[in-house]
Number of protein chains: 2
Amino acid sequence: MKIAEVSTQHGISTDTLRYYERIGLIPPVNRSESGIRDYNELDIRRVEFVKCMRSAGLPVEVLIEYIALVQQGDKTIEARKDILVEQREALIARMEQMQKTLDILNHKIEVYEKAVLKNEKEMIPVVE
Amino acid sequence: MKIAEVSTQHGISTDTLRYYERIGLIPPVNRSESGIRDYNELDIRRVEFVKCMRSAGLPVEVLIEYIALVQQGDKTIEARKDILVEQREALIARMEQMQKTLDILNHKIEVYEKAVLKNEKEMIPVVE
DNA sequence: CCTTGACTTAGAGTCAACTTCAGGTGTTAC
DNA sequence: GTAACACCTGAAGTTGACTCTAAGTCAAGG
């Protein structure tokens, strides 16, 4: 599959795909004789994986390290697992913080809704 | 309360506190005769609010707009509510994406755990 | 009186993660 | 066969959100 197709199908710009390869976020993709990238199944799964991880905020640096370990074969399985466990913890922490923020937003929105109702009749000064 | 105290108590650098004020993320803080910032209760609640919202990824720009509306009084309550509702939607979307990523991480970690067990005896090539 | 240290400002610098550019080669449509 | 377009590379530019610097004011301690 050509880079342009991968780009449109997965919503990642060709620039970003090349960038990812350059920095080692995905291993080198096979090329045609004339040097044009040809993504295979595995390449695409890797792109998807990176996209997913990045969208959740895992740092590029960590993913590069992880991918490098993958390239080194089964002897790195424990190290890889450690990275994923660490990132999972960080992810859970971020989600918990976001949940707190969500609670506060919900509360504020509720207060505003009451304020609007009141204001319609009474114009009472309220919240922030 | 002095800026240094606010900084240590809330884990935000004095630079960042001044920066927030400069860009309008918190309204101007009262000053002593000699021009030194003196944070009152309300200022601190605002700092906490901004910290919380920022930690969940709400953009500075949006928060500036929100704070500006707060300064304009009760006539902006509906507009403020709209902003919060919009940001709530965005936050929920981010959290859902993160949950997906978490599921994948959990799955991968599980597979790795099995792989480690197997490898101890059989050295079977496995996952990625 | 002088130094230490907290504070002030405007503005420059940094960082992660892209994104765009300049300059060039290869491929396809008519 | 030539125009238009997709691709290549390395490097410079951009963005959001800080973070630091330079140059200066001011109050307190020795």
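Chain A is the first sequence line, chain B the second, and so forth, proteins listed ahead of strands; every chain is numbered from 1.
With a 6.0 Å radius and a threshold of 12 heavy atoms from other residues, nucleotides or ligands, A:K51 has its NZ atom above the threshold. Summarising the local packing, CD of B:E86 is surrounded by 12 or fewer heavy atoms from other residues, nucleotides or ligands at distances under 6.0 Å.
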Indicate for each nucleotide in nucleotides 16-24 of chain D, in 5' to 3' sequence, whether protein heavy atoms under 4.0 Å reach the base (B), only the sugar-phosphate (S), or nothing (-).
-BBBB----
If a protein heavy atom is under 4.0 Å from the base, mark B; if only from the sugar-phosphate, S; if neither, -; do that for nucleotides 23-30 of chain C going 5' to 3'.
---SS---
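With hydrogens and angles ignored, the 3.5 Å screen pairs no side-chain donor or acceptor of B:T101 with any backbone N or O of A:M53. With hydrogens and angles disregarded, no donor-acceptor distance shorter than 3.5 Å links the side chain of B:R80 to the backbone of B:L84. In this structure, A:T14 contributes its side chain and A:A4 its backbone to no donor-acceptor pair below 3.5 Å.
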Please report the C-alpha distance between B:E21 and B:R31 in whole Å, then the side-chain angles of each, then the deciding distance to 0.1 Å, and finally whether the salt bridge (Lys or Arg N to Asp or Glu O under 4.0 Å) criterion is met.
CA-CA 13 Å; B:E21 189 174 336; B:R31 308 295 185 98; 3.7 Å; yes
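Counting only residues at least two apart or on different chains, no salt bridge (Lys or Arg N to Asp or Glu O under 4.0 Å) pair has a member in residues 87-97 of chain B. Residue pairs meeting the ring pair (Phe, Tyr, Trp, His ring centres under 6.0 Å) criterion with at least one partner in residues 34-64 of chain A, sequence neighbours excluded, are A:F49-A:Y66.
Not counting sequence neighbours, the partners of B:E110 by the salt bridge (Lys or Arg N to Asp or Glu O under 4.0 Å) test are B:K114.
Between C:dT8 and B:R37, a contact under 4.0 Å exists linking OP1 or OP2 to a side-chain N or O. Between A:R18 and C:dT20 there is no side-chain polar atom (N or O) within less than 4.0 angstrom of OP1 or OP2.
One can place CG of A:D38 at 13 Å from C1' of D:dC7, the figure rounded to the nearest angstrom. Rounded to a whole Å, the NZ atom of A:K51 is 12 Å from the P atom of C:dC18.
Inter-residue side-chain proximity for A:K2 and A:D38 is flagged as unmet; no heavy-atom pair is nearer than 4.5 Å.
The residue A:I23 sits apart from the nucleic acid: no heavy atom pair falls under 4.0 Å.
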Given the rule that a pair is Watson-Crick or G-U wobble with both distances under 3.5 Å, how would you write DNA chain D in dot-bracket, using | for pairs to a different strand?
||||||||||||||||||||||||||||||
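Between B:I83 and the options B:L69, B:L63, B:T76, a side-chain contact (heavy atoms from CB on, under 4.5 Å) holds for only B:L69.
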